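So the structure is just underneath, and the comments pick up after that.
Here the structure is a predicted model, which means the values were calculated and not measured. Just so you know, ligand 1 is whichever comes first in the structure, and atom 1 is the first atom listed for that ligand.
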Amino acid sequence: MRIFKEIQSIQNWCKEHKLQGRKIGLVPTMGYLHEGHLELVREAKRHCDIVVVSIFVNPTQFGAGEDFEVYPRDFERDTSLLERENADAVFAPTAEEMYLSDFSSWVEVTGEITTKLCGASRPGHFRGVTTVCAKLFNICLPDLAFFGQKDAQQVMVLEKMLTDLNFPLQIIRVPIVREADGLAMSSRNVCLDAEAREQALVLNRALGQAERAIKDGERDAARIKVLLREIIESSPRAEIDYAEIYDAYDLADIQQIDRKILMALAVKFGKTRLIDNRLVEV
Ligand code: AMP
């Protein structure tokens, strides 16, 4: 497995593979890898000849006062996990090279898709995500890029960017990987103390009960949102950022659940903010 830190060297390497006709898969991550990330790598290995995993805690997608400084990092462990998955290359650039001191170009998807949910709680977050992904796509030249459904809004925003700007690649969505007890895997889970870790199970439980209510015939989105909130608020340490239901394709508001919907949660346990979601079709 090759490890690249410099943009020019991985770009040349990827160009060479492309010239040889190889299909390149890119798995963008912020590191501190877990089974969720590794599932993306396995999916990429199934589809592509060459799999590149980027590890970059992207400063531009963190707002002031967020956890950029304390975001967990362990490069040695990450590379040994990727070695075991037979990833072909790791790209781990420095922030200084990704954002030169006179950096001034941004890619921004506008509209409801970026102003709701995490776009409302984390202003500028998606602009950071789309900008860094546009850069990673230009550097690594992937045919396919792999993203987790765990970050449902992120993948919607990136698909919009690809369509609007005619990027010559496709996104493959990978389902959410969970711990045995149902908690969605996240690099931030290590930041939870034992009590918060236990209470965080309420996210998946709320989504499960809401889905069951819908399957049992409830069609009123407002009532389902109340149900989600009631269940989450039964955990004393949970502080709801949002618990929403939107159209699964464009995040349009809905009153009646008469199409595919996205139920999306963001909940804080102390300083740690977790997200989870579920797609439901009626
Ligand atoms: P991150 O390192 O948190 O930026 O995540 C990198 C990629 O891994 C993103 O596409 C995430 O959606 C995906 N990912 C993170 N956690 C999970 C999970 N539990 N299941 C599936 N994909 C995930």
*Derivation of the ring pair (Phe, Tyr, Trp, His ring centres under 6.0 Å) call for Phe62 and His125*: CA-CA 6 Å; Phe62 288 79; His125 169 69; 7.7 Å; no

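No donor-acceptor pair closer than 3.5 Å links the side chain of Arg259 to the backbone N or O of Asp247. In this structure, Gln170 contributes its side chain and Asp143 its backbone to no donor-acceptor pair below 3.5 Å.
Of all the heavy atoms of Leu40, the ones lying under 4.0 Å from any atom of ligand 1 belong exclusively to the side chain. Residue contacts with ligand 1 for Ser186 are absent, since no atom lies close enough (heavy atoms, distance under 4.0 Å). Of all the heavy atoms of His37, the ones lying under 4.0 Å from any atom of ligand 1 belong exclusively to the side chain. Of the heavy atoms in Glu35, none comes closer than 4.0 Å to ligand 1. Contacts with ligand 1 closer than 4.0 Å are made by no heavy atom of Ser187, backbone or side chain.
For ligand 1, none of its N or O atoms has an N or O atom of Pro28 under 3.5 Å away. For a threshold of 3.5 Å applied to N or O pairs, the pair formed by Gly148 and ligand 1 contains at least one separation below that value. Remark: ligand 1 and Ile176 share no N or O pair separated by less than 3.5 Å (distance only, no angle test). Remark: ligand 1 and Ala184 share no N or O pair separated by less than 3.5 Å (distance only, no angle test). In terms of N/O distances under 3.5 Å, ligand 1 is not approached by Thr29.
In summary, of the residues considered (Leu40, Asp88, Val27), a side-chain contact (heavy atoms from CB on, under 4.5 Å) with Val53 occurs for Val27 alone.
When the shell of 6.0 Å around CD of Gln255 is examined, it contains 12 or fewer heavy atoms from other residues, nucleotides or ligands. No more than 12 heavy atoms of other residues, nucleotides or ligands sit less than 6.0 Å from atom NZ of Lys160. Residue Lys271 places its NZ atom among 12 or fewer non-hydrogen atoms of other residues, nucleotides or ligands, all under 6.0 Å distant.
Proximity of His34 to ligand 1 is established by a heavy-atom distance of less than 4.0 Å.
A distance of 6.0 Å or more separates the ring centres of Tyr32 and His37.
Lys225 has no carboxylate O lying under 4.0 Å from a charged side-chain N of Asp220, or vice versa, which leaves the two without a salt bridge.
Atom 3 (O) of ligand 1 has Tyr71 OH, 3.8 Å as its closest protein atom, hydrogens excluded (heavy atom only). Atom 11 (C) of ligand 1 has Asp151 OD1, 3.1 Å as its closest protein atom, hydrogens excluded (heavy atom only). Among all non-hydrogen protein atoms, the one lying nearest atom 21 (C) of ligand 1 is Pro175 O, 3.5 Å.
Heavy-atom proximity to Phe147, at under 4.0 Å, picks out these atoms of ligand 1: 10 (O).
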